[in-house]
Protein chains: 2
Amino acid sequence: MSAEPLSRPRIVAAAIDLIEREGADAVSMRRIAADLGVGVMSLYNHVPSKAALLDAVAETVLSEIEFTDDPGADWADRVRMQARAFRQIAHHYPRCTMVVVSRQLKSTAGLLPVERALATLRSAGFDGAEAVRILRMFIAYIVGSLLREVGVTPTFAPVHHLQVDAGKVDPVLFPETSSLLPELGVCDHDAEFEFGLELLIGAIASARGPRGR
Amino acid sequence: MSAEPLSRPRIVAAAIDLIEREGADAVSMRRIAADLGVGVMSLYNHVPSKAALLDAVAETVLSEIEFTDDPGADWADRVRMQARAFRQIAHHYPRCTMVVVSRQLKSTAGLLPVERALATLRSAGFDGAEAVRILRMFIAYIVGSLLREVGVTPTFAPVHHLQVDAGKVDPVLFPETSSLLPELGVCDHDAEFEFGLELLIGAIASARGPRGR
DNA sequence: ACCTGAACACCGTTCAAGT
DNA sequence: ACCTGAACACCGTTCAAGT
């Protein structure tokens, strides 16, 4: 089918394609090989195992984040931009998001974002320990937001099914939930994400001020 | 092996056991059947598919959260307690956490926590839309924190490997990261979680005040 | 109603053989 | 160095047969 030689990047790209087309459950070495028009075992010349391939998928998606950092800008603006850049994963590779988030990478693929975030927070006047703490908090919020956005987090947030079978939610047992079904049934992901982001940045900013820096 | 009859709860319990013992990857219908001392196909009399079984695992773990709500307490205290109760999942069923978080449930299993949270936020004076927004933000933060705690979120937070191969992090390319390796290499999950929780509660509290209620 | 073994269409990966 | 088919030890699930 393709004249190009088999290579690790081409295999990873095929895997990402397959995941976006049919979901992570559809991934198999045999399927990817078929998509590339080669025998299964050919893959193993470039990738040691399926697990390693999925790690490579995660690393690649992570490394494709476009961080356009403006070191001259306000630290809060820089944090905003970095958080939004990270969130782009969910838009560019929605069905890979779970793969990215569920693989424990041991490479340095995700190190650049970390470096930038730490530098930004240090420039805002936080010491090392504070910067790490704050970074972890932002990552927790962002990762959790991505999972909701990608439609994976349980029972909470867009509950279209509940809206549809509104009768299923007993208004006596769950008065608040059933009265808020309209609100629970829709979710403006942009607005939702920005709301929490601003809240966190605001909280961080006022934590920085009072302590006097 | 066991005199008790096969039943859905027994199958789910065996699945949870297996996940906690050997991880989610070890789960197979055949393995669970073997653990229960029955033929594989017997399982299908109580559970329609492996996917449904994993959903049941998620629901069961979710429903075992111990929410001890004190409706008389301060709303901030109630939010604190509910967030901590949710986090108990990571302690009680660490290796099931990813399963819980990665399954999109359509049952009402997780509705009770939602109801309680909404009621608490309404009692604090937030209107319906605000309560939903705030709940989603807390859930994002908690879910993201659980994933870090369970050791699954990529490259960030406890980077023991990086600490071990400290030589791997180029201090020229990643000055902040490499100088903060000690801080990045350890993580007090309790402290980390409480830090973000208090920050969020504080921010919510001051968002409530100014608007005058 | 519940259990079951055989069978089918898949998996990931090892190995020995090719070029 | 790279590719490959056969083979092995697994999968989830359908179906027909048992009780």
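In what follows, chains carry the letters A, B, and so on, assigned in the order in which the sequence lines appear, proteins first and then strands, with residues in each chain numbered from 1. Remember, predicted model here, so these are calculated numbers, not experimental data.
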Worksheet, complete the sentence: Each base of DNA chain C marked ( ) or [ ] if paired in-strand (Watson-Crick or G-U under 3.5 Å), | if paired to another strand and . if unpaired gives ||.|||||...|||||.||
Less than 4.0 Å between a side-chain N and a carboxylate O, is that true for [Y] and [X]?
{"X": "A/Arg10", "Y": "A/Asp17", "value": "no"}
{"X": "A/Glu22", "Y": "A/Arg31", "value": "yes"}
{"X": "A/Arg133", "Y": "B/Glu183", "value": "no"}
{"X": "A/Lys50", "Y": "A/Asp55", "value": "no"}
{"X": "A/Arg84", "Y": "A/Glu194", "value": "yes"}
{"X": "B/Arg78", "Y": "B/Asp69", "value": "yes"}

Discussion item. Please identify the 5'-most and 3'-most nucleotides of DNA chain C with any atom under 4.0 angstrom from a heavy atom of chain B.
Written reply: C/dC2 to C/dA7
Discussion item. Using heavy-atom distances to pick each residue's nearest nucleotide on DNA chain D, tell me which of A/Tyr44 and A/Arg30 is more 5'.
Written reply: A/Tyr44
Worksheet item: For A/Ser42, which contact category applies under a 4.0 Å heavy-atom criterion: base, sugar-phosphate, or nothing?
Response: base
Practice prompt. Describe the nucleic acid contact of B/Met29 in one word from base, sugar-phosphate, nothing, applying a heavy-atom distance below 4.0 Å.
Written response: sugar-phosphate
Worksheet entry | Residue B/Asp25 excluded, over 12 heavy atoms near CG under 6.0 Å | no
Worksheet entry | Between A/Glu192 and A/Ser145: side-chain donor-acceptor atoms closer than 3.5 Å | no
